[in-house]
Amino acid sequence: QVQLVESGGGLVQPGNSLKLSCAVSGRASSSYPMGWFRQAPGKERELLSAINWRGTKKFYAASVQGRFTVSRDNAKNTVYLQMNSLKPEDTAVYYCAARTSEWDNIYFTEEYQYNSWGQGTQVTVSS
């Protein structure tokens, strides 16, 4: 069983940056396609970014394109989301997710395609 733990959330002023981390554990020597999602109060969970297991292919939602950057360090079993130029509308709980079965060298953009989820980390953008 795979465990995902997000960290790095917090309160930040508009225009500032945060870097989220997602530590993956529980199955040795495996790297998975990963996704970053968020859910704001009263809204559905949305995909922000996805990355293939090699880290060579990346996807960004239009809402974060140019502001957020996904990366990974497979030696550390960690995936990152660098968030710059944060806006109040970025306020949400942020989740990382992994697809731990049947993958190729691609990323996945649908929530149902992920089968392991972290507990989430709160990001609040406010002055």
Compile the donor-acceptor pairs under 3.5 Å between side chains in residues 44-52 and protein atoms, sequence neighbours left out, one pair per line.
| unit_1 | atom_1 | unit_2 | atom_2 | d |
| --- | --- | --- | --- | --- |
| Arg45 | NE | Glu111 | OE2 | 3.1 |
| Arg45 | NH2 | Glu111 | OE2 | 2.8 |
| Glu46 | OE2 | Arg38 | NE | 2.7 |
| Glu46 | OE2 | Arg38 | NH2 | 3.3 |
| Ser49 | OG | Phe59 | O | 2.9 |
| Asn52 | OD1 | Gly55 | N | 3.0 |
| Asn52 | OD1 | Thr56 | N | 2.8 |
| Asn52 | OD1 | Lys57 | N | 2.8 |
| Asn52 | ND2 | Thr56 | OG1 | 2.9 |
| Asn52 | ND2 | Asn105 | OD1 | 2.6 |

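The hydrophobic cluster containing Leu11 does not contain Val93, counting ILVMFWY residues as joined when their side-chain heavy atoms lie under 4.5 angstrom apart, directly or transitively. Val5 and Met83 sit in two unconnected hydrophobic clusters of ILVMFWY residues. Membership requires side-chain heavy atoms under 4.5 Å apart, directly or through other members.
At least one test fails for Arg99 against the ring of Tyr32: distance under 6.0 Å to the centre or angle within 45° of the axis.
Between Tyr114 and Phe108, the two ring planes are perpendicular [angle over 60°; tilted spans 30° to 60°].
Gln82 is listed as a side-chain neighbour of Ser17, based on a closest heavy-atom distance under 4.5 Å. Side chains of Ser7 and Thr121 form no contact here, defined as non-hydrogen atoms less than 4.5 Å apart. Side-chain contact between Leu20 and Val123: present, with at least one pair of heavy atoms (C-beta onward) separated by less than 4.5 Å. Counting heavy atoms from C-beta on, the side chains of Asp104 and Trp53 never come closer than 4.5 Å.
A donor-acceptor pair under 3.5 Å is formed between the side chain of Gln3 and the backbone N or O of Gln1. Using a distance-only test at 3.5 Å, with no hydrogens or angles considered, a donor-acceptor pair links the side chain of Lys58 to the main chain of Val70.
Here Asp90 contributes atom CG and Thr124 contributes atom OG1; the two are 11.0 Å apart, rounded to the nearest 0.5 Å. Note that the SG atom of Cys96 and the CD atom of Glu6 stand 4.0 Å from one another [nearest 0.5 Å]. Atom CG of residue Asn84 and atom OG1 of residue Thr69 lie 6.5 Å apart, to the nearest 0.5 angstrom. Once rounded to the nearest 0.5 Å, the distance linking CG of Leu81 with CE of Met34 reads 11.0 Å.
Among residues two or more places apart in sequence or in another chain, the side chain to side chain contact (heavy atoms under 4.5 Å, CB included) test is passed with Ser116 by Val2, Leu4, Ala98, Thr100. Looking at residues two or more places apart in sequence or on another chain, you find a side chain to side chain contact (heavy atoms under 4.5 Å, CB included) between Gln13 and Asn16. Partners of Ser127 according to the side chain to side chain contact (heavy atoms under 4.5 Å, CB included) rule, which considers only residues two or more places apart in sequence or in another chain, are Pro14.
For the residue pair Val79 and Ser71, the shortest heavy atom distance occurs at CG1-O, 3.3 Å. Scanning both residues, Thr78 and Ala23, for their nearest heavy atoms gives OG1-CA, 4.2 Å.
Under the ring pair (Phe, Tyr, Trp, His ring centres under 6.0 Å) criterion, no residue pair touches residues 77-98, with sequence neighbours excluded. Applying the salt bridge (charged side-chain N to carboxylate O under 4.0 Å, His left out) test to every pair with at least one member in residues 70-83, sequence neighbours left out, gives no pairs at all.
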Test log, rule side-chain contact (heavy atoms from CB on, under 4.5 Å), inputs Ser101 and Asn115: CA-CA 8 Å; Ser101 62; Asn115 59 334; 4.0 Å; yes
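The closest side-chain donor-acceptor pair between Thr91 and Glu89, if any, does not fall under 3.5 angstrom.
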